[in-house]
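To start, the structure itself, in structure tokens.
Nothing fancy with the numbering, it's 1 onward along the sequence.
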Amino acid sequence: AGGPLVADAFAGDTTPPVLEDATLDMDAGVLELVFSEAVPVLTFVPERVQLYGSACGSVWRYGLSGDAGVAGVAGVSEGGFVGAGVYVSSRVRVNVSESDLNEIRALAGVARGVGSTFVGLGAGGVYDMSGNSAVALVECGNGAVSVSEYEPDQTRPVLQSFVLDMDAHQLLLTFSETVNATTFSLDHVSFDGDSSVDLSSSVVFPTGLLSATINISTAAVRALEAKPLLCNVLRPGSSCSLAVSAQFVEDGFGNAIVAETVAASLVIADVTPPGVVAFELDMTLHKLVITFSEVVQVSSASPASLVLS
């Protein structure tokens with residue numbers, strides 16, 4: 001019997017893999033990429049992925065961070081196989097990190113549907129088994145790939161926690177995901193469901209992807225100070241919770257916040273002493289009317305401590 005045949009010539013694979021299709025599920029946080037040939041999945045570099053809001057000229061774009069997880073999608077029977085000790089597949093699944101998802105949720109013009117989701121891949125994003133780098137795809141000239149399937153974010157945001165700062169007169173809110181700051185409605189949030197502390201004239205503004213601050217109006221502060229058992233860290237038995245309804249705020253996909261009552265994670269006491277801002281003395285009626293900078297406990301007043309000069 002003869003020995004193994006030796007090839008007279010060998011021409012290596014010089015054809016680079018090409019990204020041909022992509023799908024995005026914003027609810028599950030999964031981006032799937034389909035290449036023209038099998039690639040070693042674990043060599044894929046998520047940081048080379050760029051999302052664009054259009055095929056060309058979009059001001060909306062986002063590059064994934066290195067926090068994303070990568071896995072192969074197809075099994076051996078579906079075109080995926082193990083070669084040279086490496087899992088190889090033509091379909092690559094990118095599990096987008098929660099931090100990346102929140103950044104994307106904050107961008108109104110990208111990843112909102114098939115028409116606003118285009119996937120680009122930078123040079124060196126992945127190599128095939130012969131060491132050929134995938135073709136770099138950017139918007140315009142060598143166009144990014146439009147996703148063929150898209151699932152929107154359908155998960156409702158949650159108010160995870162809040163801090164009440166009675167000294168700064170602020171509510172510091174933390175959410176489970178990025179919310180749309182233009183949809184805040186302070187008519188739909190109250191202390192312990194007590195509408196007598198009206199927050200509707202307060203001012204709310206975002207302070208981060210997952211946070212917002214409410215500057216409590218003077219009227220609401222005064223009403224809160226007048227309730228000794230509401231959010232008063234100095235009074236035993238005092239409680240402090242916020243009740244939010246579904247109309248309080250939405251995320252960028254129109255999902256309303258979950259209606260619930262959340263207990264304060266921290267209440268910072270008022271350490272600013274009250275001051276006298278004005279007084280009126282009526283000698284005919286023998287009456288002295290004093291106006292303070294904040295609500296005071298009348299029972300603690302000591303007339304003997306007053307000095308007129």
Side-chain angles (χ1 to χ4, degrees), residues 12-74 79-81 83-153 178 209 252:
D13 175 11
T14 59
T15 302
V18 178
L19 177 64
E20 295 183 332
D21 189 20
T23 65
L24 177 62
D25 186 332
M26 280 297 294
D27 201 48
V30 173
L31 174 67
E32 288 192 6
L33 307 176
V34 181
F35 291 91
S36 58
E37 62 177 288
V39 296
V41 172
L42 296 183
T43 66
F44 185 82
V45 183
E47 297 98 313
R48 298 289 192 272
V49 175
Q50 186 88 19
L51 298 179
Y52 300 99
S54 66
C56 186
S58 174
V59 297
W60 300 102
R61 61 188 63 197
Y62 184 75
L64 296 186
S65 70
D67 297 331
V70 178
V73 176
F81 61 93
V86 179
Y87 184 80
V88 178
S89 174
S90 60
R91 298 176 66 88
V92 176
R93 173 176 292 165
V94 180
N95 296 314
V96 184
S97 69
E98 190 63 25
S99 60
D100 277 339
L101 287 172
N102 281 314
E103 293 280 1
I104 296 168
R105 289 170 182 137
L107 301 175
V110 66
R112 287 298 189 271
V114 170
S116 64
T117 309
F118 293 79
V119 182
L121 184 64
V126 73
Y127 295 80
D128 66 12
M129 293 296 286
S130 299
N132 300 303
S133 176
V135 174
L137 297 177
V138 295
E139 59 172 352
C140 302
N142 197 14
V145 173
S146 173
V147 296
S148 59
E149 296 179 21
Y150 174 89
E151 288 293 331
D153 177 3
T178 305
L209 287 176

Legend entry - F35 and L121, any side-chain heavy atoms less than 4.5 Å apart: yes

Inset, instruction - Indicate yes or no: at least one non-hydrogen side-chain atom of S97 is less than 4.5 angstrom from one of S65. - result: yes

Legend entry - Within-4.5 Å side-chain heavy-atom neighbours: V39 and S90: no

Inset, instruction - Report yes if some heavy atom in the side chain of D128 is under 4.5 Å from a heavy atom in the side chain of P16; otherwise report no. - result: no

Inset, instruction - Flag the pair V92 / V126 as yes when at least one side-chain heavy-atom distance between them is below 4.5 Å, and no otherwise. - result: no

Legend entry - Atom of V145, atom of L137 and distance for their closest heavy-atom approach: CG2-CD1, 3.8 Å

Inset, instruction - Give a yes or no on whether the backbone of A38 and the side-chain of S89 come within a donor-acceptor separation of less than 3.5 Å. - result: no

Inset, instruction - Considering non-hydrogen atoms only, spot the tightest contact between I104 and R112 and give its length. - result: O-NH1, 3.6 Å

Legend entry - Spacing of CG belonging to L107 relative to CG belonging to N102, to within rounding of 0.5 Å: 11.0 Å

Inset, instruction - Output the distance between atom CD (E37) and atom CG (N132), rounded to the nearest 0.5 Å. - result: 7.0 Å

Legend entry - Y150 side chain to D25 side chain, donor-acceptor N/O pair below 3.5 angstrom: no

Legend entry - Non-hydrogen atoms of A106 and L209 that approach each other most closely: CB-CD2, 3.7 Å

Inset, instruction - With the side chain counted from C-beta on, respond yes when V110 and S116 share a heavy-atom pair under 4.5 Å apart, and no when they do not. - result: no

Inset, instruction - Show your working on side chain to side chain contact (heavy atoms under 4.5 Å, CB included) between V30 and V96 and close with a plain yes or no. - result: CA-CA 6 Å; V30 173; V96 184; over 6 Å; no

Legend entry - Heavy-atom pair of closest approach, residues F118 and G115: CE1-O, 3.4 Å

Inset, instruction - Would you sort out whether E103 and L101 count as a side chain to side chain contact (heavy atoms under 4.5 Å, CB included), showing the intermediate values? - result: CA-CA 5 Å; E103 293 280 1; L101 287 172; over 6 Å; no

For a quick test of your reading: what N or O donor-acceptor pairs under 3.5 Å do the side chains of residues 49-60 make, sequence neighbours left out?
from, atom 1, to, atom 2, distance (Å)
S54, OG, C56, O, 3.1
S54, OG, S58, N, 3.4
S58, OG, G53, N, 3.4
S58, OG, W60, N, 2.9
S58, OG, W60, O, 3.0

Inset, instruction - Search all heavy atoms of G122 against all heavy atoms of A136 and return the closest pair with its distance. - result: C-CB, 4.2 Å

Inset, instruction - Verify, without hydrogens or angle tests, whether T117 (side chain) and V114 (backbone) share a donor-acceptor contact under 3.5 angstrom. - result: no

Inset, instruction - Would you check if V94 and L64 make a side-chain contact, meaning some heavy-atom pair closer than 4.5 Å? - result: yes

Legend entry - Pair E20 + R91, salt bridge at N-O below 4.0 Å: no

Legend entry - Close side-chain approach of V119 to V147, heavy-atom, < 4.5 Å: yes

Legend entry - Pairs flagged by salt bridge (charged side-chain N to carboxylate O under 4.0 Å, His left out) wherever residues 49-70 is involved - sequence neighbours left out: R61-E139

Legend entry - Distance (rounded to the nearest 0.5 Å) between E151 CD and D27 CG: 8.0 Å

Legend entry - For R105, the option from D153, D100, T178 that meets side-chain hydrogen bond (donor to acceptor under 3.5 Å, both in side chains): D153

